[in-house]
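Accompanying notes for the structure given below.
Heads up: numbering here begins at 1 and tracks the sequence.
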Amino acid sequence: MTLHLLVMGVSGSGKSTIGAQLALALSLPFGDADAFHPPANVRKMSAGTPLTDEDRWPWLDALGAWLAAQTGGGVIACSALKRAYRDRLRGAVPGLRILHLAGQPALITARQAAREGHFMPPSLMASQFATLEPPAPDEAALVLDITAPPEVLLLQAAAQLRRIAAC
């Protein structure tokens with residue numbers, strides 16, 4: 001089975017950490033959506049201005065194209081906060097699996113505030129949670145609670161993905 005996996009969640013939920021570790025464990029290429037943002041998007045977020053859907057469409061298309069080009073499978077870490085964003089990625093990569101890293105706003109905001117050198121300022125966290133549309137049941141997402149340490153989340157994700165592959 002070829003696995004194309006989206007690791008999603010709000011900024012500070014651990015997408016990049018878990019996505020990279022999971023890709024390594026599964027011997028799959030990893031892409032971090034932050035690296036795909038055009039400079040204008042980074043400037044906008046750095047200034048504390050949330051992106052619009054119009055800002056996001058070309059970025060999501062680039063992510064989908066990269067993941068679709070990984071014919072042997074791949075993992076991408078991307079917020080994908082709205083259903084429409086996930087649908088856009090699924091349009092490029094049919095069969096895309098979703099892993100949602102979910103947590104309470106207070107925990108994630110504290111993590112985000114402790115990050116250094118990231119373009120997403122803590123002031124935008126409220127907009128992240130306001131925008132978040134958790135995956136619907138028909139999206140068949142795997143949901144992990146980020147209160148667990150990364151090594152536990154990695155084991156949980158790998159176990160769930162193995163169960164899915166066995167079906």
Exercise for the section: Determine whether L99 and Q160 make a side-chain contact, defined as any pair of heavy atoms from C-beta on separated by less than 4.5 Å. Expected result: no
Practice task
Using a 4.5 Å cut-off on heavy atoms from C-beta on, say whether the side chain of D138 contacts that of R83.
Solution key: yes
Exercise for the section: May I ask you to decide if V10's main-chain N or O and Q128's side chain share a donor-acceptor pair within less than 3.5 Å? Expected result: no
Problem - Side-chain heavy atoms of I76 within contact of V93, under 4.5 Å - result: no
Problem - Heavy-atom check, side chain of H37 versus side chain of M45, under 4.5 Å - result: yes
Exercise for the section: Please check if I146 and F129 belong to a single hydrophobic cluster, counting links between Ile, Leu, Val, Met, Phe, Trp and Tyr side chain heavy atoms closer than 4.5 Å. Expected result: yes
Completion exercise
CD of E139 to CD1 of I98, rounded to nearest 0.5 Å, is 4.5 Å
Fill in the blank from the handout: In short, W59 meets S79 closest at the heavy-atom pair CH2-OG, 4.0 Å
Handout entry: Polar side-chain atom of R97 near backbone of A140 as donor-acceptor pair, under 3.5 Å
Key = yes
Handout entry: Under 3.5 Å donor-acceptor, R86 side chain and A80 backbone
Key = yes
Exercise for the section: Could you tell me which non-hydrogen atom of A20 sits nearest to which non-hydrogen atom of F30, and how far apart they are? Expected result: N-CE1, 3.4 Å
Practice task
Say whether, by atom type as modelled, one donor and one acceptor occur between the side chain of Q21 and the main chain of I18 under 3.5 angstrom.
Solution key: no
Problem - Side-chain donor or acceptor of D55 paired with backbone N/O of T52 under 3.5 Å - result: yes
Practice task
Over all heavy atoms of both residues, which pair between D145 and L153 is shortest? Give the atoms and the distance, please.
Solution key: O-CD2, 3.3 Å
Handout entry: Beyond-backbone contact of L28 with Q70, side-chain heavy atoms, under 4.5 angstrom
Key = no
Exercise for the section: Anything under 30° is parallel, anything over 60° is perpendicular, the rest tilted; go ahead and classify Y85 against W57. Expected result: perpendicular
Practice task
Starting at CG of D34, measure out to CG of D32 and round the result to the nearest 0.5 Å.
Solution key: 4.5 Å
Exercise for the section: Hey, could you give me the CZ/CG distance between R88 and L63, rounded to the nearest 0.5 Å? Expected result: 11.0 Å
Exercise for the section: Take T71 and T2 through the test side-chain contact (heavy atoms from CB on, under 4.5 Å) and record every step on the way to the result. Expected result: CA-CA 8 Å; T71 56; T2 300; over 6 Å; no
Practice task
Ignoring hydrogens and angles, tell me if any N or O in the side chain of K15 forms a donor-acceptor pair with the backbone of G9 under 3.5 Å.
Solution key: yes
Problem - Closest heavy-atom pair and its distance - A158, L22 - result: N-CD1, 4.2 Å
Problem - Closest contact, heavy atoms only, P94 versus G91 - result: CD-O, 4.3 Å
Handout entry: Side chain to side chain, M8 and L132, heavy atoms closer than 4.5 Å
Key = yes
Handout entry: Donor-acceptor pair, side chain of R56 and main chain of L51, under 3.5 angstrom
Key = yes
Problem - Nearest atoms (heavy-atom pairs only) where P29 meets A23 - result: O-CB, 4.2 Å
Practice task
Could you tell me whether E133 atom CD has more than 12 heavy atoms of other residues or ligands within 6.0 Å of it?
Solution key: yes
Problem - Straight-line distance of R90 CZ to L96 CG, nearest 0.5 Å - result: 6.5 Å
